[in-house]
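To keep things clear, I will list the structure first and then write my remarks on it.
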Amino acid sequence: MNVLVTGAAGYIGSHTVVELLAAGHTVTGVDDFSLGKRCAAERISAVSGQAVRIVELDLRSTPGVDALLAVGNFDAIIHLAGRKFVGESVDDPVLYFDRNIGTSIPLFRAAQQHGVRKIVFSSSCTVYGNPEHLPVTEESPLAPVTPYGFTKLAIEQLLSDLCVSTPELDVIALRYFNPIGAHPSGLLGEYVDGKPNNLLPYIMKVASGELPYFSLFGDDYDTEDGSCVRDYVHVEDIARGHVAALEALDDGRRGFRAINLGTGTGRSVLEMLEACRNATQHHIPTQVHPRRDGDAKEIFADPQRAAEEIGWKAERTLKEMCQDHWHFTVSATKRGRKKDEAISN
Ligand code: WQD
């Protein structure tokens with residue numbers, strides 16, 4: 001299929017483009033490079049052996065998006081563009097409504113006008129908020145507790161409503177759990193400039209000596225070891241999930257579906273710290289800090305619908321997730337922080 005991938009220069013986007021190319025799809029990327037890096041197209045080509053175009057465009061520009069879709073003749077859109085840091089969204093909700101919802105509306109309007117009838121959307125497990133019952137299925141209550149989670153749910157709702165007003169529209173919203181890891185080449189990954197928001201990039205910067213210690217946001221939760229539990233999933237598994245969802249949109253079904261992309265296994269922050277100590281062979285000094293606003297105590301997926309409906313199951317192990325993330329961190333450091341416009345989300 002001829003696919004438009006928004007956010008193609010980002011962490012999830014760059015890995016997804018590699019998998020789409022490997023599956024034989026034609027890909028055009030679009031990115032505003034506010035988070036994704038300009039070296040992404042070159043890195044994707046180096047990894048995939050195929051050239052790819054990533055158009056620089058702010059999706060909030062209706063004329064720009066319209067012009068792109070008018071000539072693109074796209075069969076499908078995979079919409080990944082947006083910001084994804086839970087903590088940041090609590091500090092700056094306007095940024096999240098602007099960048100997540102503000103970029104989706106012109107895109108969906110243009111898709112309607114130019115006859116694009118298949119959409120895969122990057123949603124998030126944060127739409128479940130702080131679940132009472134685990135594991136979460138796609139039928140679990142939708143109760144986001146952060147602006148980030150709320151924007152993802154609002155866009156899901158918009159897509160669901162569009163499927164009612166445009167019956168031939170076919171949409172799958174992929175609710176990612178916690179993507180970590182990197183492409184084994186060490187060329188694609190999540191190397192965030194400055195202090196990272198997310199767990200693995202932060203731990204890896206401590207292991208590489210860039211940051212002095214890791215701050216554990218709360219060790220007094222009502223969990224086995226007192227730290228929060230998440231469902232960490234290799235970014236390459238997440239990328240494969242997009243290909244599986246795209247190809248499932250060809251099954252003739254119409255309408256809106258949400259699908260969890262998780263392993264089904266919950267792991268605590270302290271367990272992740274131990275796994276990273278093993279992968280990096282570094283001590284990773286840690287200090288306990290107060291809880292972070294917006295953090296759910298525990299969440300992990302029931303991945304059954306993904307297996308049944310799109311034939312997807314996470315395959316990579318925790319050890320591979322941590323080793324690949326560390327290999328990318330070391331490779332990026334070796335390439336030199338300044339010159340290495342590494343892929344970050
Ligand atoms: C994980 C745990 C923190 C940093 C992420 C993505 C979001 C979505 C869901 C896709 C929490 C703890 C973290 C640190 C810490 N994925 N932590 N010290 O908040 O679950 O959200 O997954 O849509 O995009 O952001 O991930 O990595 O920020 O936190 O103790 O320095 O690690 O408290 O318990 P989160 P995270």
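Residues take their numbers from the sequence shown, with the count starting at 1. Each ligand, and each atom within it, is numbered from 1 in the order the structure gives. Values below: every heavy atom of this structure, side chains too, minus hydrogens, waters and symmetry copies.
Screening N197, T126, N198 for a side-chain hydrogen bond (donor to acceptor under 3.5 Å, both in side chains) involving K84 leaves a single residue, N198. Between I44 and the choices T16, L21, L187, the side chain to side chain contact (heavy atoms under 4.5 Å, CB included) rule is met once, by L21.
Residue nearest to atom 23 (O) of ligand 1, selected from Y176, Y232, Y148: Y148 (by heavy-atom distance). Taking all heavy atoms of N198, V127, I299 into account, the minimum distance to atom 25 (O) of ligand 1 is reached by N198. Evaluated by nearest non-hydrogen atom to atom 13 (C) of ligand 1, the leading choice among I12, L199, V86 is L199.
Contact atoms of ligand 1 toward K84: 6 (C), 7 (C), 24 (O), 25 (O) (distance under 4.0 Å to a heavy atom of the residue). Set against the non-hydrogen atoms of F214, the atoms of ligand 1 under 4.0 Å away are 14 (C), 15 (C), 18 (N), 30 (O), 31 (O). Of all atoms in ligand 1, listed by their number and element, those nearer than 4.0 Å to a heavy atom of C228 are 34 (O). Of all atoms in ligand 1, numbered sequentially from 1 with element shown, those under 4.0 Å from a heavy atom of L216 are 30 (O). When each atom of ligand 1 is checked for a heavy atom of N178 under 4.0 Å away, the hits are 5 (C), 9 (C), 20 (O), 22 (O), 26 (O), 35 (P). Within ligand 1, counting atoms from 1 as listed, the ones closer than 4.0 Å to a heavy atom of N197 are 4 (C), 28 (O).
For atom 33 (O) of ligand 1, the closest non-hydrogen atom of the protein is D295 OD2, 2.6 Å. Nearest protein neighbour of atom 18 (N) of ligand 1, counting heavy atoms only, is S215 O, 2.8 Å. From the protein, the heavy atom lying nearest to atom 15 (C) of ligand 1 is F217 CD1, 3.4 Å. Among all non-hydrogen protein atoms, the one lying nearest atom 8 (C) of ligand 1 is S124 OG, 3.6 Å. Looking only at protein heavy atoms, the nearest one to atom 20 (O) of ligand 1 is R230 NE, 2.7 Å. The single protein non-hydrogen atom nearest to atom 16 (N) of ligand 1 is F177 O, 3.1 Å, given as residue, atom name and distance.
Contact annotation for V269 and ligand 1: only side-chain heavy atoms (C-beta onward) come within less than 4.0 Å of the ligand. Residue-level proximity to ligand 1 for L200 is absent, since no heavy atom of it falls below 4.0 angstrom. Contact annotation: for R292 versus ligand 1, heavy atoms closer than 4.0 Å belong to the side chain alone.
Using the six-membered ring where Trp is involved, Y11 and H325 have ring planes that are tilted, between 30° and 60° apart. Using cut-offs of 30° and 60° on the angle between ring planes, the pair H183 and H15 is tilted.
Rounded to the nearest 0.5 angstrom, K152 NZ and S104 OG are separated by 7.5 Å. Here the straight-line distance linking atom CG of D58 with atom CZ of R99 works out to 6.5 Å at 0.5 Å rounding.
Using a cutoff of 4.0 Å between basic side-chain nitrogens and carboxylate oxygens, R291 and D220 are scored as salt-bridged. Ion pairing between E139 and R305 holds under the 4.0 Å rule for side-chain N and carboxylate O. Using a cutoff of 4.0 Å between basic side-chain nitrogens and carboxylate oxygens, R267 and D225 are not scored as salt-bridged.
At most 12 non-hydrogen atoms from other residues, nucleotides or ligands lie less than 6.0 angstrom from CZ of R109.
Contact of the I119 side chain with the F108 side chain is registered, since non-hydrogen atoms from C-beta on lie closer than 4.5 Å.
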